Engineer: 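Got a structure for you, questions after.
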Amino acid sequence: MSGLDKIFDSVGSRSLFKNKRVLQSNYTPESIPHRDKQIEQIAGILAPSLLGEKTSNLFIYGVTGTGKTLSIQHVTNELMRRASENKILRVEYLNCKLKKVADTEYRILAELIKKLGGSVPATGLPTDHVYMKFLEILESGDEKLLILILDEVDQAVKKINDEFLYNLTRLNSELSNKQIIIIGISNDLRFLDSLDPRVRSSLSEEEMVFPPYNAVQLQDILKKRANESFKLGVVSEGVIAKCSAYAAREHGDARRALDLLRVAGELAERASSPKIKIEHIDNANDKIERDKILDIIETEPKQFQLVLYSILELIERAKKTKNSVFTGDIYNYYCDLCKQVKVETLTQRRVGDIIAEFDMLGLINATVISKGRYGRMREIKLVIPENILDRCRGILVEGLGL
DNA sequence: CGAGATTCATGTGAAGTATACCTTTAGGCTTAA
DNA sequence: AAGCCTAAAGGTATACTTCACATGAATCTCGTA
């Protein structure tokens, strides 16, 4: 038996997981603790849809990981189950945050059409044409109602404008025998205030707020899932408490807590530990943060990577001299870098926008400051933790062929 | 000395351009009657 | 004549550029005490 066989064979017996899926973020549990009230309320609002009646549009707030998406999905799943025979309902879920998938009006519509079974080219069509196509494909279906769930709408509106929401809410008047119910989900509590009053009133006919979980509730949730997910006796004393404490600090983000538990389990498994210990959670916390950032960096387009590399290098240098880094410095360094790699340089205008995007992504922190006589620029600070800087640089160097 | 003007380096908005892709339309070719 | 293919014409979204104006506090200027 080869050495590898041994490793492969031992996987089954060594695994700490009974059913890992339970801890993955796309898993929909049977019951959702501490959200009974909200679920009932949603169900109450959406119930008439079973009879094919148009219900109010619904708007839901709450910070990440408070069970918004889960609750909605739970209710709509039940609705679908009840409505499965008579085909009056259809539910579509769309996350508006996904870059390159749903970050423009055109792409959101294209994505919706795709989900409904049609197809549209990535570019070339006038937007109103795409609207027509959307209506067409909607009319062609059997279902009377479409429940459209737009997750993280605030992101979409920030990138586009609120007119497209208005267009969506107005589509109902163009549909002869179909109706659309829009459910908007947002993490940003102030989002509604920034909307045009017209859009606001039609989108948020009903509003709901999901409060964050407190540490006790988080523990409850984690316990339940841990029991389903891990084999008996695998979870050490205090692990659950620690996970929920971490997550409670992140304003009650349950998803974060579950991720933490799952990754901790994976780490423990990899380290051949028979139990998940508290130290695994600390490691998991680092790993999650790390993977998130590394993934963003890796998937960013080349020009963005060049800018980011410039930022990284300059901040590294500035650390020694205790100077700050500004837009101009970065642009100069970036230009040199482009020459070195033989890539076309973008204009400073564009690079400025790219820097702003990194700010949005949370990789850097860029604040506009005025240095009086010496101009006005963004002061740029890195948000990426020290301990993964080298790996970031590694990815960039490799990706750029430096 | 201090109020107001000046200045710098870039922020920021709007409009224009390049590219890649789409539909429509007209012409040319083939085919079947 | 009808059907099919192709190429040109006309159109769009997106990423980027160009142009022009906006910003805001350190510094300068100059009248005044």
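Protein chains get the first letters and strands the later ones, always in sequence-line order, with residue 1 at the start of each. These figures come from a predicted structure and were not determined experimentally.
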Engineer: Distance check needed: C:dT12 C1' versus A:Met132 CE, whole Å only.
Structural biologist: 17 Å
Engineer: Can you tell me the distance, in whole Å, between the CG atom of A:Asp353 and the P atom of C:dT17?
Structural biologist: 10 Å
Engineer: Expressed as a whole number of angstroms, how long is the span from A:Tyr131:OH to C:dT12:P?
Structural biologist: 16 Å
Engineer: Examine C:dT12: is either OP1 or OP2 under 4.0 Å from a nitrogen or oxygen in the side chain of A:Tyr106? Give yes or no.
Structural biologist: no
Engineer: Nearest of C:dG24, C:dC16, B:dG11 to any side-chain atom of A:Val368?
Structural biologist: B:dG11
Engineer: Considering only heavy atoms from C-beta outward, does the side chain of A:Leu150 approach that of A:Val153 to under 4.5 Å?
Structural biologist: yes
Engineer: Taking the side chain as everything from C-beta on, heavy atoms only, tell me whether A:Leu396 gets closer than 4.5 Å to A:Ile297.
Structural biologist: yes
Engineer: Send over the distance from A:Arg350 CZ to B:dT17 P, rounded to a whole Å.
Structural biologist: 19 Å
Engineer: Take the protein atom OH of A:Tyr334 and the nucleotide atom P of B:dT10, then report the distance between them rounded to whole Å.
Structural biologist: 16 Å
Engineer: Could you state the atom-to-atom distance from CD1 of A:Ile369 to C1' of B:dA9 in whole Å?
Structural biologist: 11 Å
Engineer: Identify whether any heavy atom of A:Thr345 sits under 4.0 Å from a base atom; if not, whether one sits that close to sugar-phosphate; answer base, sugar-phosphate or nothing.
Structural biologist: sugar-phosphate
Engineer: Report yes if the side chains of A:Lys371 and A:Met377 come closer than 4.5 Å at any heavy-atom pair, otherwise no.
Structural biologist: yes
Engineer: May I have the distance from A:Tyr374 (atom OH) to B:dT10 (atom P), rounded to whole angstrom?
Structural biologist: 14 Å
Engineer: Any side-chain heavy atom of A:Arg225 sitting closer than 4.5 Å to one from A:Leu261?
Structural biologist: no
Engineer: Using a cut-off of strictly less than 4.0 Å between a heavy atom of the residue and any atom of DNA chain C, enumerate the qualifying residues of residues 305-330 of chain A by number.
Structural biologist: none
Engineer: According to a strict under-4.0 Å criterion, is A:Thr347 in side-chain N/O contact with OP1 or OP2 of C:dT17?
Structural biologist: yes
Engineer: Quick one: A:Glu344 CD to C:dT17 P, roughly how many Å, whole number?
Structural biologist: 9 Å
Engineer: Would you jot down, in residue-number order, the residues of residues 375-384 of chain A having a non-hydrogen atom under 4.0 Å from DNA chain C?
Structural biologist: A:Gly375, A:Arg376
Engineer: Between A:Lys223 and A:Asp220, does any NZ, NE, NH1 or NH2 come within less than 4.0 Å of an OD or OE carboxylate oxygen?
Structural biologist: no
Engineer: Indicate yes or no: at least one non-hydrogen side-chain atom of A:Arg376 is less than 4.5 angstrom from one of A:Val368.
Structural biologist: yes
Engineer: So, for A:Tyr333 and A:Tyr331, is the gap between ring centers shorter than 6.0 Å?
Structural biologist: no
Engineer: Should A:Glu207 and A:Leu58 count as side-chain neighbours, where that means a heavy-atom distance under 4.5 Å?
Structural biologist: no
Engineer: Of all the nucleotides listed (C:dT14, C:dT27, B:dT10), which has the minimum atom distance to the side chain of A:Gln348?
Structural biologist: B:dT10
Engineer: Do A:Cys392 and A:Ile384 have side chains that get closer than 4.5 Å, going by heavy atoms?
Structural biologist: yes
Engineer: Return each pair, listed once, that meets salt bridge (charged side-chain N to carboxylate O under 4.0 Å, His left out) where at least one residue sits in residues 304-328 of chain A; pairs must be two or more places apart or across chains.
Structural biologist: A:Glu313-A:Arg393, A:Glu316-A:Lys319, A:Glu316-A:Arg393, A:Lys319-A:Glu386
Engineer: Does OP1 or OP2 of C:dT27 have a side-chain N or O of A:Arg373 closer than 4.0 Å?
Structural biologist: no
Engineer: Can you check whether any acceptor in the base of B:dG13 is under 3.5 Å from a donor in the side chain of A:Arg349, or vice versa?
Structural biologist: yes
